[in-house]
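Below is one structure, written out as C-alpha cells; comments come after it.
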There are 2 protein chains.
Amino acid sequence: MTRPGKSSLSEHCPLAAVMGLRERKKLEAWRTIRSTALALISERGFDAVSVEDIAGASGVSRTTFFSYFPSKEAVVFDLDPLEVQQWRDLLADPRADLPLWEALTDVSLGLARLLAERLPLQKRLFEQSPELCTSSRDTCDAFEPDLKEWISRRTPDGDPLRTALVYNTAFAAFSTAIEAWDPDDSFEHFLALVRDCLRWAGAGLAHPVS
Amino acid sequence: MTRPGKSSLSEHCPLAAVMGLRERKKLEAWRTIRSTALALISERGFDAVSVEDIAGASGVSRTTFFSYFPSKEAVVFDLDPLEVQQWRDLLADPRADLPLWEALTDVSLGLARLLAERLPLQKRLFEQSPELCTSSRDTCDAFEPDLKEWISRRTPDGDPLRTALVYNTAFAAFSTAIEAWDPDDSFEHFLALVRDCLRWAGAGLAHPVS
DNA sequence: TATAGACTTGTACCGGGTCCAGCTTTCTGT
DNA sequence: ACAGAAAGCTGGACCCGGTACAAGTCTATA
C-alpha cells in the first residue's frame, strides 16, 4: 500500500515500526495461524479440524503451532497480543472513585467489547460441542490472577475469601450473560445482558424478585 | 464375615440382596476400580498414574475402565451410585415452603456432605495439578440439568435467564467455599464456609461490607 | 439347557501434547 | 560487513487419553 516489501501487518499495527523483524514476524505468524484456524473451524466445526490441518493450512509445522498456542482450544479463545494490551489498560484505569462492584461492571463491559468480535463464532461452536464451554472457562481463567489482584486491592484488608467470592460471582454473572446471549441479537443487547446479570448478582439473588 | 460366598459388598449395601448377580458384580467392580485408583493417585499424584496403571491394578482391561468411567478424571470425581441416589433424594425433598435461596443453601449443604469424604484428597490433588480444578467443575456440571430444573420450578415463570444466573451464582459460591477450605480444618468449618459464601452471594456483593 | 443379551478383552487406530536434535534466521558487537 | 550468539522452525519419535470393533465369556430367562 505504501512502500513495497512492507508487511501488511503495519497497516493494522502502528507499533510495527518499533518492533524488530523477529517480533513482527512472530505477530504475523500468530495472526495467520489464528485466522486460518478460525476459517477452517467455522467451516467444518471444531472437532472436524485437527491441529495438523491448521498447521498445514497455515504453512507451519505442528510443533510451531504449539509454540504459539498452548492447546488447540487456545487458538479459538486466546486474545490477540494487542488485545491483551488493551485488557491490561482496562485494569490499569485508575477509577478508584467508583465502588468495587460498579468498577467491576465497567471492567466486565470492557472485556465484553474485547471479546465481541469472536463471540458469535464462539457461541456457534458452543452449540456444536458443549465440551468447548469448559475450555473457554479455562481460557478465561487466564484473566484470573490479574483480576483477582485488582479486586483484592479494592477489598477491605484484601480478604482472600471475599476476593475469591467477588471474583467467582462476577465471573458467574458474566458467563450467564454469554450463555444467554443470542448471536442474532445486537451486540448492545449483549452489553445490556452483562450489565443486568452483574446488577442482579451484585444486588443479591436471595430476594424473591429484583 | 457371615455366610461364605457372600460378597463383601453386602455389608455396605443392603440393596445387594435385591440386585441380581450382574448388578452386584458391576457395583463391586466400580468400587474396586475407584478405590484402587484413589490409592494409586493419592500416592503418586494424578499425572503420574495412567489409566493402564489403574486398570492393571484393578484386574481389569483399559477398555473396561472406560466403560465404567467416561474419563480418567471421572474416577476421582464421580459419585458412587449410592451417593447419586442420595443426591436425587436431596432434590426430591419437598420443602416447598422455604424461599428459593434458603432451599438452595440446604441443597448445597447436602451436596457438601456427599462430597465430604473425598474432598481432602481432591484438594490435595488440586494443589498438585491446577488443571484438575477445571475437570472437577466439569464433573460437577453433571448436576447441572437436575439442579437447573429444580431452580426453574421455583423461579417465577421459570425465567431461564434468572434460573441460569441463580444456578451459576450458587455454583460460584459453592466453588469459592471449596477453594477456601483448608483440609486441615474441620468439616464443620467447611459447612460454615458454604453457608457464608451462599449467604453473602445471596445478599448481594455490591454492598461495601456485609 | 439353549439361546439372547450383557459384559469383558485385545487390538488397532486417532489426535492432542511434549521432547529433542539439528537446521535456518535474526540480532548484536566489533 | 561479518562472525558468533540467540531465537525460531522443523520433522520425527514418543506418551497417553479416548473410541471402535470383533470375538470371546458370562448371566439371565424360558
Side-chain angles (χ1 to χ4, degrees), chain A residues 5 7 9 16-33 36-37 40-41 44-78 81 125 129-132 134-135 138-139, chain B residues 5 7 9 16-33 36-37 40-41 44-78 81 125 129-132 134-135 138-139:
Chain A
S7 144
L9 180 63
V18 204
M19 297 192 299
L21 177 57
R22 239 188 180 74
E23 281 172 290
R24 233 179 311 139
K25 276 198 172 176
K26 241 191 137 176
L27 182 51
E28 196 168 16
W30 191 97
R31 286 180 171 160
T32 302
I33 298 174
T36 309
L40 288 179
I41 289 175
R44 295 190 222 156
F46 188 80
D47 295 327
V49 175
S50 73
V51 172
E52 263 179 24
D53 294 337
I54 299 173
S58 312
V60 116
S61 79
R62 224 170 70 95
T63 311
T64 300
F65 174 93
F66 281 112
S67 89
Y68 281 93
F69 298 93
S71 68
K72 185 186 172 188
E73 288 80 19
V75 85
V76 178
F77 297 111
D78 270 10
L125 296 180
S129 43
E131 332 104 47
L132 270 185
T134 300
S135 327
D138 261 10
T139 314
Chain B
S7 145
L9 178 64
V18 205
M19 298 191 297
L21 176 56
R22 236 190 185 81
E23 281 172 291
R24 233 179 310 140
K25 275 197 171 177
K26 239 191 138 176
L27 182 51
E28 195 167 16
W30 191 98
R31 286 179 169 159
T32 302
I33 297 174
T36 308
L40 288 179
I41 288 175
R44 294 189 222 158
F46 187 80
D47 295 326
V49 176
S50 72
V51 172
E52 262 179 26
D53 294 338
I54 299 172
S58 311
V60 115
S61 79
R62 223 170 70 93
T63 311
T64 301
F65 174 93
F66 282 111
S67 89
Y68 280 92
F69 298 93
S71 68
K72 185 185 172 189
E73 289 80 18
V75 85
V76 177
F77 297 111
D78 270 11
L125 297 180
S129 43
E131 332 105 46
L132 270 185
T134 301
S135 328
D138 262 10
T139 315

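Atoms considered below: every heavy atom in the structure, side chains included; atoms not considered: hydrogens, waters and symmetry mates. Residue numbering restarts at 1 for every chain, and letters A, B, ... go by the order of the sequence lines.
- A donor-acceptor pair is defined here as one N or O able to donate and one able to accept, closer than 3.5 Å; no such pair exists between the side chain of B:Ser129 and the backbone of B:Leu132.
- Contact between the side-chain N/O atoms of A:Lys26 and the OP1/OP2 oxygens of D:dG8 is found at a separation under 4.0 Å.
- For the pair B:Glu73 CD and D:dC16 P, the interatomic distance rounds to 15 Å; values are reported in whole Å.
- Looking at heavy-atom distances under 4.0 Å, B:Thr63 makes contact with a base.
- What separates CD1 of A:Ile54 from P of C:dG15 is a distance of 12 Å, to the nearest Å.
- Counting any heavy atom pair closer than 4.0 Å across all strands shown, A:Thr64 reaches a base atom.
- Residue B:Tyr68 is classed as a sugar-phosphate contact, given heavy-atom separations below 4.0 Å to backbone atoms only.
- In this structure, A:Glu52 atom CD and C:dG16 atom C1' are separated by 10 Å, rounded to whole Å.
- Which of C:dG16, D:dT10, D:dG18 sits closest to the side chain of A:Phe66 comes down to C:dG16.
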Letter per nucleotide, 5' to 3', of nucleotides 21-30 of chain C [B base touched, S only sugar-phosphate touched, - untouched; heavy atoms, 4.0 Å]: ----SBS---

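- Spacing between atom CD1 of B:Ile41 and atom P of D:dC16 amounts to 14 Å, rounded to whole angstrom units.
- A:Arg62 has its CZ atom 11 Å from the C1' atom of D:dG11, to the nearest Å.
- Distances from the side chain of A:Ser61 to the nucleotides D:dG17, D:dG11, C:dG17 place D:dG11 closest.
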